[in-house]
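The structure displayed is predicted, hence computed values, not measured ones.
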Amino acid sequence: MTDKKTESAAGAELRQRAEAREKRTQPPEDAAAVSPAETRRLLHELRVHQIELEMQNEELRRAQTELDAARTRYFDLYDLAPVAYCTISENGLILEANLTAATLLGMPRGALVNQPLSLFIIKEDQDPYFLSRHQLLATGKPQECNLRLVKKDGTVFWAHLIGIAASDGEGAPVCRIVLSDIAERKRLEDVQLFLAQTSSGSGDEPFFKALARYLAQSLRMDFVCIDRLEGDGLNARTVAVWCDGHFEDNVTYALKDTPCGDVVGKMVCCFPASVCQFFPRDQVLKDLRAESYVGTTLWSHTGQPIGLIAVIGRSPLADRALAEAVLKLVAVRAAGELERLAAEGEHASLEAQLQQARKMESIGRLAGGVAHDFNNMLGVILGHLEFALEQVPPTQPLHADLKEVQKAARRSADLTRQLLAFARKQTIAPK
């Protein structure tokens, strides 16, 4: 009402000013009494006044156009903002909301007006919301909290709320609310918590089995495999395979003509739908009736591909960004676990080699001791054979027999020297 009265008074004043000017510029009754100079002056004034009016009208039209454009930009930015905006009255009712808020809560924007915001907050998170609103109105300081909202269809999701104190056109206190969907962030935090709480295999379930089970459940996929690359990278050996609620035996398979072969060397590889059409020769995909596929490479600390993780579903991928983010997050830990297993395997192999070397060393010492004693006995035998051969003439049959015994003793001495060389770790050439 105040604005209308002001506009009416301004109009009346303008009318009075126009009438006064019209009287001043009206020619006198005796037009002949007006001099030509005065007539030219009056015409000039009228033309200038007309030009002024036209310029004012042009300025007004330009200002109105700019105002309309600014208003349009404001509403576009407000309605299509990436976060939800709404204004809440002092008693908690929604006074206005942008289109993002309506989409976030799954309701038409008009239906949100005069609804309490608490209607869309689950019961367990009502207290943090009311406490934040109370502190905001009491202190005027911005308030933040995380809470779970529920859409019209019953879907529950995590949101981050920021409240700012303000006032409406009449000076009444209101709250400006900013709502952000943080469901993906919360799920990634859950992944980080899982990785932090899952041991490297010292618990009841090995790490890779626990990881495969977790990925299948959190991403709602039907098949998960975690593989280690073998040889030249053309084959892979599974370390954990989860399929339809149970683990399967580990196998070695060729990567050619499979999406897993397409993954190796890439940060992430995704087929949101119709994966079988891209890999018609992959029998596993056919048997699974696979529809979607997401995979990531596992990299060593030196930047070499050492394995991969693949998740497969029988339905089109619901949230590609989330699946890719989760796989990238777990890939770092999984690669570290693969390297740890490889190091443990190498350590076990070296340990076995060390044990074998110790056994051979023991055998060498034993062989050396036996060879030394045997060599001493052979020396005695050869000495007595020399004396016997001197006492037996070559013409007697016994002489030939003694010669054969002497040859055998000398061959035994050569064998003993080889055993001693083996015990001393010298190069030998056994015959």
Side-chain angles (χ1 to χ4, degrees), residues 155-158 181 183-198 205-229 236-253 255 257-299 305 307-335 337-338:
T155 303
V156 177
F157 65 97
W158 278 96
D181 187 346
E184 181 174 338
R185 190 181 83 187
K186 292 293 292 185
R187 293 185 71 174
L188 292 179
E189 289 176 356
D190 291 341
V191 175
Q192 292 175 328
L193 181 62
F194 162 80
L195 294 175
Q197 293 178 342
T198 304
E205 188 174 49
F207 171 77
F208 286 113
K209 284 192 172 182
L211 178 59
R213 184 198 306 273
Y214 177 80
L215 289 176
Q217 294 173 351
S218 62
L219 297 179
R220 298 179 182 178
M221 301 297 266
D222 303 294
F223 181 90
V224 178
C225 68
I226 306 172
D227 304 337
R228 178 184 66 246
L229 297 181
R237 174 74 180 179
T238 60
V239 295
V241 181
W242 175 267
C243 181
D244 292 332
H246 66 275
F247 289 104
E248 295 189 348
D249 296 334
N250 290 318
V251 296
T252 300
Y253 67 96
L255 292 171
D257 297 327
T258 70
C260 290
D262 216 41
V263 167
V264 176
K266 299 178 181 178
M267 187 63 66
V268 68
C269 184
C270 182
F271 297 92
S274 306
V275 64
C276 287
Q277 296 181 12
F278 295 96
F279 300 94
R281 297 182 181 180
D282 192 329
Q283 189 60 43
V284 174
L285 294 180
K286 292 180 180 178
D287 294 341
L288 287 171
R289 303 187 306 280
E291 182 69 20
S292 55
Y293 176 99
V294 187
T296 185
T297 301
L298 304 182
W299 304 87
L308 60 95
I309 300 177
V311 294
I312 302 174
R314 295 191 179 95
S315 302
L317 197 59
D319 193 335
R320 174 175 181 169
L322 176 64
E324 292 181 355
V326 170
L327 286 190
K328 289 178 183 179
L329 188 59
V330 303
V332 178
R333 171 70 183 280
E337 292 295 328
L338 269 186

What is the minimum heavy-atom distance between Leu322 and Glu184, and which atoms define it? CD1-CG, 3.8 Å
Close side-chain approach of Thr198 and Phe207, heavy atoms under 4.5 Å: yes
Quick one, Val284 and Tyr253 - any side-chain contact, counting heavy atoms below 4.5 Å? no
Please round to the nearest 0.5 Å and tell me the distance separating atom CD1 of Ile312 and atom CG of Leu285. 5.0 Å
Does any part of the side chain of Tyr293, heavy atoms only, come nearer than 4.5 Å to the side chain of Phe279, both counted from C-beta? no
Find out whether Leu255 and Leu308 are in side-chain contact, i.e. whether some heavy atom of one side chain is under 4.5 Å from a heavy atom of the other. yes
Residue pair Arg320 / Cys270: nearest heavy atoms and the distance that separates them: NE-SG, 3.6 Å
Among all residues two or more places apart in sequence or in another chain, which pass the side-chain contact (heavy atoms from CB on, under 4.5 Å) test with Glu291? Ala273, Ser274, Pro316
Of the non-hydrogen atoms in Gly307 and Leu229, which two are nearest, and what is the gap between them? N-CG, 3.7 Å
To the nearest 0.5 Å, what is the distance between CZ (Arg281) and SG (Cys276)? 15.0 Å
Side chains of Val241 and Val251: closer than 4.5 Å at any heavy-atom pair? no
For the backbone of Gly265 and the side chain of Thr297, can you confirm whether one donor and one acceptor N or O come within less than 3.5 Å of each other? yes
d(Arg228 CZ, Thr238 OG1) to nearest 0.5 Å is 8.5 Å
For Val275 versus Ser292, what's the shortest heavy-atom pair and its separation? CG1-N, 4.1 Å
Do Gln192 and Leu329 have side-chain heavy atoms sitting under 4.5 Å apart? yes
Work out which heavy atom in Leu298 is nearest to a heavy atom in Asp227; give both atom names and the distance. CD1-O, 4.4 Å
Taking the basic N atoms (NZ, or NE/NH1/NH2) and the acidic carboxylate oxygens, is any pair closer than 4.0 Å for Glu189 and Lys186? yes
Distance from Phe247 atom CZ to Arg213 atom CZ, nearest 0.5 Å? 4.5 Å
List the atom pairs, donor and acceptor, that lie under 3.5 Å between side-chain atoms in residues 215-222 and the rest of the protein, sequence neighbours left out.
{"residue": "Ser218", "atom": "OG", "partner": "Tyr214", "partner atom": "O", "Å": "2.9"}
{"residue": "Asp222", "atom": "OD2", "partner": "Arg314", "partner atom": "N", "Å": "2.8"}

Could you state the interatomic distance from CZ (Phe223) to CG (Asp244), rounded to the nearest 0.5 Å? 9.5 Å
Ion pair check, Arg333 and Glu337, cut-off under 4.0 Å: yes
Does Thr296 use its side chain to pair, donor to acceptor, with the backbone of Val268 at less than 3.5 Å? no
Side-chain touch Asp257/Asp282, heavy atoms, less than 4.5 angstrom: no
May I ask you to test the Asp262-Phe278 pair for a side-chain heavy-atom distance under 4.5 Å? no
Locate the shortest heavy-atom distance separating Phe208 from Ala334; write the atom from each residue and the value. CZ-O, 3.6 Å
